[in-house]
Amino acid sequence: MARYNPKEAEPKWQAIWQAAGAFRAPDAQAAAGKPKYYALEMFPYPSGRLHVGHVRNYAMGDVIARFKRAQGFNVLHPMGWDAFGLAAENAAMERGIHPKTWTYENIAVMRDQLKRLGVSIDWSREFATCDPAYYGRQQALFLELYARGLAYRKEGVVNWDPVDNTVLANEQVIDGRGWRSGAPVEKRKLTQWFLRITDYADALIDGLKTLDRWPDKVRVMQENWIGRSTGLRLSFAFAEATRTEGLSVYTTRPDTLYGASFVAVAPDHPLAQEIAAENPAAAAFVAECRKGGTSEAEIEAGEKTGFDTGLEVIHPFDPNRRLPVWIANFILMDYGTGAIFGCPAHDQRDLDFARKYHLPVRPVVLPPDADPATFAIGDEAYVGPGRIYNSDFLDGLEVEAAKAAAIARAEAGGFGEGTTVYRLRDWGVSRQRYWGCPIPIVYCQACGPQAVPLDQLPVVLPDDVAFDKPGNPLERHLTWKHTTCPQCGGKAERETDTLDTFVDSSWYFIRFANPKADAPIDRAASDYWLPVDQYIGGVEHAVLHLLYARFVTRALADGGALEVREPFAGLFTQGMVTHESYRRQNGDWVEPHDVKVIQEGETRRANLIETGEPVVIGDIEAMSKSKKNGVSPEEIADAYGMDAARLFVMSDSPPERDVQWTTGGIKGAWRLVNRIWDEFDSQPALALDVSFDDDPRAIALVRSTHRLIKTLTEAIEGFRFNSGVASVYAFLNELRGLPASGATPALLAARAEALNVLARLIAPFAPHLAEEAWSRIGGARLVAQAPWPTYDPALVAEEMLTLPVQVNGKRRGEIHLPPGTSAAEAEKMALADPAIQRHLEGLAVRKVIVVPDRIINIVVGPAS
RNA sequence: GCGGAUGUGGCGGAACUGGUAGACGCACUAGAUUUAGGUUCUAGCGGGGUGACCCGUGGAGGUUCGAGUCCUCUCAUCCGCACCA
C-alpha cells in the first residue's frame with residue numbers, strides 16, 4: 001500500500017499525454033467519420049498568474065472535453081491568450097518593462113501553470129492576440145469590413161477616460177465611469193473608427209431565440225442592451241411661421257397623442273443650442289443640465305427640471321391645439337430624436353414634469369373597469385391596457401389598435417412614419433493606445449484615408465517606443481507613422497489608434513479551427529469545427545464580448561468567410577471562487593496562509609500565525625488582490641495536488657453558482673483522492689471470467705456500477721458536476737463495505753469490473769489519479785484514450801424496491817417488491833401490511849392510489 | 001422603477017416530468033487506533049416528544065389522494081439595466 005503521491009504522478013502523466021499527443025485535435029480533412037465537438041473556455045488575459053477562478057473555469061471545460069473525447073467525438077479544446085491591453089502598458093510605465101516583454105513573460109508563466117492543471121488542451125494551436133501572425137490577419141478582416149462599409153470613420157462625441165487616456169465604447173462605461181479605471185468619463189469630440197453593429201441589431205436579437213443552450217439571463221441582458229422598440233417618428237410643425245422646419249419626435253405611444261400637453265427637447269438638442277445662443281436664461285439652464293447630468297445625486301433624485309422656450313408647436317391631429325416647447329433635463333439626446341411629446345397621464349416622467357410646471361394632465365386611455373366620467377390621474381401615471389377616449393378618431397380602440405391607427409394617420413398625412421429604434425450604438429473601436437492591433441489605414445493629404453494593401457500586412461507595432469510621457473507612443477514615434485500613400489505614392493501618415501481589444505476576442509475562436517492558415521479564416525476548417533459546442537466563462541462578458549463576437553461572426557458569414565452565424569451554440573456561465581477575508585485590528589487585510597483559524601465547539605476565531613495577534617474573520621467575497629483573500633493554485637498543488645483542487649471546485653456548489661474555498665473542503669477532496677486510490681491499490685490481480693450470479697453482493701455491485709455510469713453521464717451532460725462527484729462518494733461508500741480479498745471469485749470479478757469503470761468515470765474530474773488507477777489495474781493504453789463506459793438499462797433498475805405506503809398522505813409503512821409489480825398486487829400487499837392495518841382500524845378505505853414502482857396512498861374515511 | 005434569478009439542517013447543497021425531504025460533503029459530538037499533534041476508522045447528527053407520534057423546504061392562502069416542486073398574494077437577498085420616450 002502506497003499513498004497516492006500527486007507531486008510525482010501529475011507531472012509524470014502530463015508528460016505522457018504530451019508525448020502521446022493525446023489531446024491533439026485532428027485536422028478538419030482528417031476528421032471525417034466522427035462527430036466533432038468544440039469545447040472552449042474564454043481565453044485568459046495574461047496577467048501573470050493563474051488564480052483559483054481560472055482553475056474552476058478550465059477544469060469545467062476539461063471535464064466536458066475529456067468526456068466528449070471518451071464518447072468518441074473529435075474534440076477541439078484549444079487555448080490562447082487575450083494578450084493586448086492596458087495592463088501591459090501600465091507595467092511599462094510603472095516598471096520600465098516593455099509591454100511585449102511583460103506579456104510574453106507572463107504567457108510563459110501562465111502556460112506552465114495551465115499545463116500543471118492537467119487540462120487536456122491541444123497546445124499545437126496556441127496563439128496570442130499580440131502575435132503579428134494573428135493581428136495581421138485581424139487587420140485583413142478589418143479591411144474587409146471597411147471595404148463592405150461595416151467599418152467607418154466619423155467624428156462624434158465619444159466617451160473619454162481621462163485616467164487611461166483613451167476612448168471607451170458605450171459598453172465599457174459603467175455608471176458614467178470607465179470600466180477599468182473607474183474614473184468619471186468625459187465627453188469629447190473626436191474622429192473615430194466604428195464598426196456598424198447597428199446594422200445587425202435585428203439579426204442579433206432574432207438570433208437569440210435560436211440559442212436554446214444559453215442562460216436566459218444572458219439572452220435577456222443582450223436583448224435589453226440592444227433595446228429595440230417600435231413606434232412613430234413624427235414631425236410637429238411650429239406655430240411660429242418663421243420656423244419652417246418641424247420638430248421631429250419619437251414615441252412608442254402614438255395612441256396617447258391626444259393626451260399630449262407639451263413637447264420637450266434634450267439640452268443637447270440643436271434647438272436647445274440655438275435658443276441658448278440667444279437667451280442667457282436658456283443657456284444657464286442648459287449649462288446646469290450638463291453639470292448635473294453626470295452627477296449621481298441628481299440622477300438618484302430623479303428630479304425633473306425644464307425651461308419653457310416660449311415656442312409652440314401645432315398638434316398634428318388637431319390644428320387648433322398648441323403645445324409649449326420645453327427644454328427638459330430628462331430627455332436624452334442620443335435616443336430617438338432627442339425630443340419627445342409629453343403625455344403626463346400615461347407616462348410617469350411626463351407626469352412628474354407636468355405636476356411641477358402645472359401643465360395639463362389629460363387621460364386618454366381608460367382602464368378596463370373605469371368610469372370615463374370619474375377616472376382621473378393622481379400621482380401615478382396609468383400605463384396599463386384599456387380603451388382610448390378623449391381622442392377623436394382613436395376613440396374606442398384598444399391600445400395596440402390605436403397605435404396602428406395613429407401611425408397610419410401620420411403616414412397618410414405625410415408628417416410621420418412608423419419606425420424601429422435601438423438603444424444600441426455603433427461600436428467605437430479606436431483606442432489611443434500602443435499595445436493593441438494597429439488599424440491598417442494610412443491618411444494621404446491628396447487621396448484621403450487609404451487601406452493598407454493586403455501584401456503589406458501586418459502593420460507591425462514598433463518595438464522602440466517610450467512610455468515616459470502620457471499619451472500614445474505611436475503618435476510620438478519618430479518614423480513609424482510616416483509612410484507613403486498606396487494610391488499616389490505621396491507622403492502619408494499611418495493611423496496611430498489601435499483597435500479595442502474586444503475586436504481581438506471577437507474571432508479568436510474561429511482562428512483556432514486552423515491557426516496556421518495563411519488566410520485569416522480557413523473556410524473548410526471553420527465549417528467543420530464551428531460553432532463552439534460549449535463555451536464557458538464568466539457572466540461579466542454577457543454583453544461585451546459575447547455580443548461583439550456574435551456580431552463579428554455574422555458580419556464575416558455575410559461576407560462569405562463562414563457558414564455559421566451564431567458562434568456559440570452552448571454557453572455556460574460559471575460562478576466565482578470566493579473565500580473568507582481576514583483583517584487585522586488595524587484594518588489591514590491579511591492573506592489566508594498567514595492566518596490560523598481555530599475552531600472552538602461551534603464558534604471560530606482566527607490568529608495571525610506569526611504573532612498570534614487575533615484577526616477578524618470577514619465576509620466571504622470573490623477572491624481579489626485588494627482583499628488579499630486569494631489562494632494560489634501553487635499552494636494548493638503543493639499540498640494536495642491539482643486533482644484534489646479540481647474535484648473540490650467542482651463538487652461543493654453547482655457550477656453556475658459561486659463556490660466558497662475552504663480548508664475543510666479541499667481536505668475533503670484530498671480524502672476522496674486517497675480513498676479512490678486505496679481501492680485501486682488494494683485490488684488483487686484481475687479476477688477470472690466468472691458468473692456474478694454466484695454471489696448476491698456481486699450482482700448488487702454490478703448494478704451499482706451501472707447505476708453510477710448512468711448518474712455520472714447524466715450529471716456531466718446536465719452540468720451538474722457537484723451531483724456527479726457526490727455519486728462517486730456514494731459509490732465509494734458502498735465499495736468500502738466490501739472485502740477486497742478473501743471474497744468469492746464472483747465478488748472479486750464484480751469489484752474488478754467496478755474499478756475498471758470507476759477509473760474511466762473519474763478521468764474527466766481527476767485525470768492524473770485516473771491514469772494512475774488505470775495503470776494499477778492494467779488498463780489498456782491511457783485512460784485518456786479509453787472509451788466512456790456504457791450502462792445496461794436492465795442492470796440500472798433496482799432488483800427490489802422499497803415503496804412507501806401512505807394513509808391519507810402520511811407515511812405509515814413500507815413494502816418491498818420487485819419492479820414491475822402490478823398495481824393490484826401492490827395494493828394487496830400494502831393493505832395486508834400489519835403496520836398499515838393498524839392505521840386502518842375502524843376506518844373505511846375509500847380509495848387506493850398506486851403509482852407503480854413509486855408509492856401507494858390509501859385514502860380512508862370514517863367507517864359508515 | 002423595469003427585468004432576471006435565488007430562498008431547503010450549524011454550513012455548501014441533493015430531490016428526474018408533483019410521489020419516502022435533507023443524498024453527498026463540510027463542521028460538530030461520542031468512541032476506537034495512533035498518541036505530541038494531525039491522519040485513519042466506527043457511530044450519531046432538522047426540531048420536539050424521546051414507544052413505532054407530531055412539526056418541518058422564507059411567509060400566508062389555494063389546487064391535489066399526495067406539494068420543496070403547480071397556482072395566487074407576500075417578504076427577503078443577489079445580479080443586470082437604469083429618466084430609452
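A note on names: the letters A, B, ... follow the listed sequences, proteins ahead of strands, and every chain is numbered from 1.
Aromatic rings from Phe341(A) and Phe262(A) are positioned such that their centres are separated by 6.0 Å or more. For an aromatic pair to be called close, the ring centres must be under 6.0 Å apart, and Trp661(A) with Phe648(A) satisfies this.
Within the nucleic acid shown, Thr662(A) has no heavy atom closer than 4.0 Å to any nucleic acid atom. Contact annotation for Asn733(A): backbone-only contact, meaning every heavy-atom pair under 4.0 Å involves sugar-phosphate atoms and none involves a base. Across all strands, Ser723(A) comes closer than 4.0 Å only to sugar-phosphate atoms, never to a base (heavy-atom distances). Residue contacts for His346(A): at a heavy-atom cut-off of 4.0 Å it reaches no nucleic acid atom on any strand shown.
Per the geometry, CD belonging to Glu714(A) stands 13 Å off C1' belonging to rU17(B), to the nearest Å. Between the P atom of rC83(B) and the NZ atom of Lys356(A) lies a distance of 18 Å, rounded to the nearest Å.
For Val851(A), the side-chain atoms get nearest to rG19(B) when compared with the rest of rG19(B), rC54(B), rA52(B). With rC83(B), rC54(B), rC24(B) as the candidates, the nucleotide lying closest to the side chain of Tyr729(A) is rC24(B).
When the side-chain nitrogen and oxygen atoms of Lys596(A) are compared with OP1 and OP2 of rG37(B), none of them lie within a distance under 4.0 Å.
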(request) Assess whether side-chain contact (heavy atoms from CB on, under 4.5 Å) is satisfied between Thr198(A) and Tyr422(A), documenting all intermediate values. (result) CA-CA 8 Å; Thr198(A) 51; Tyr422(A) 304 89; 5.8 Å; no

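Between the side chain of Lys667(A) and the base of rC26(B), no donor-acceptor pair of N or O atoms lies under 3.5 Å.
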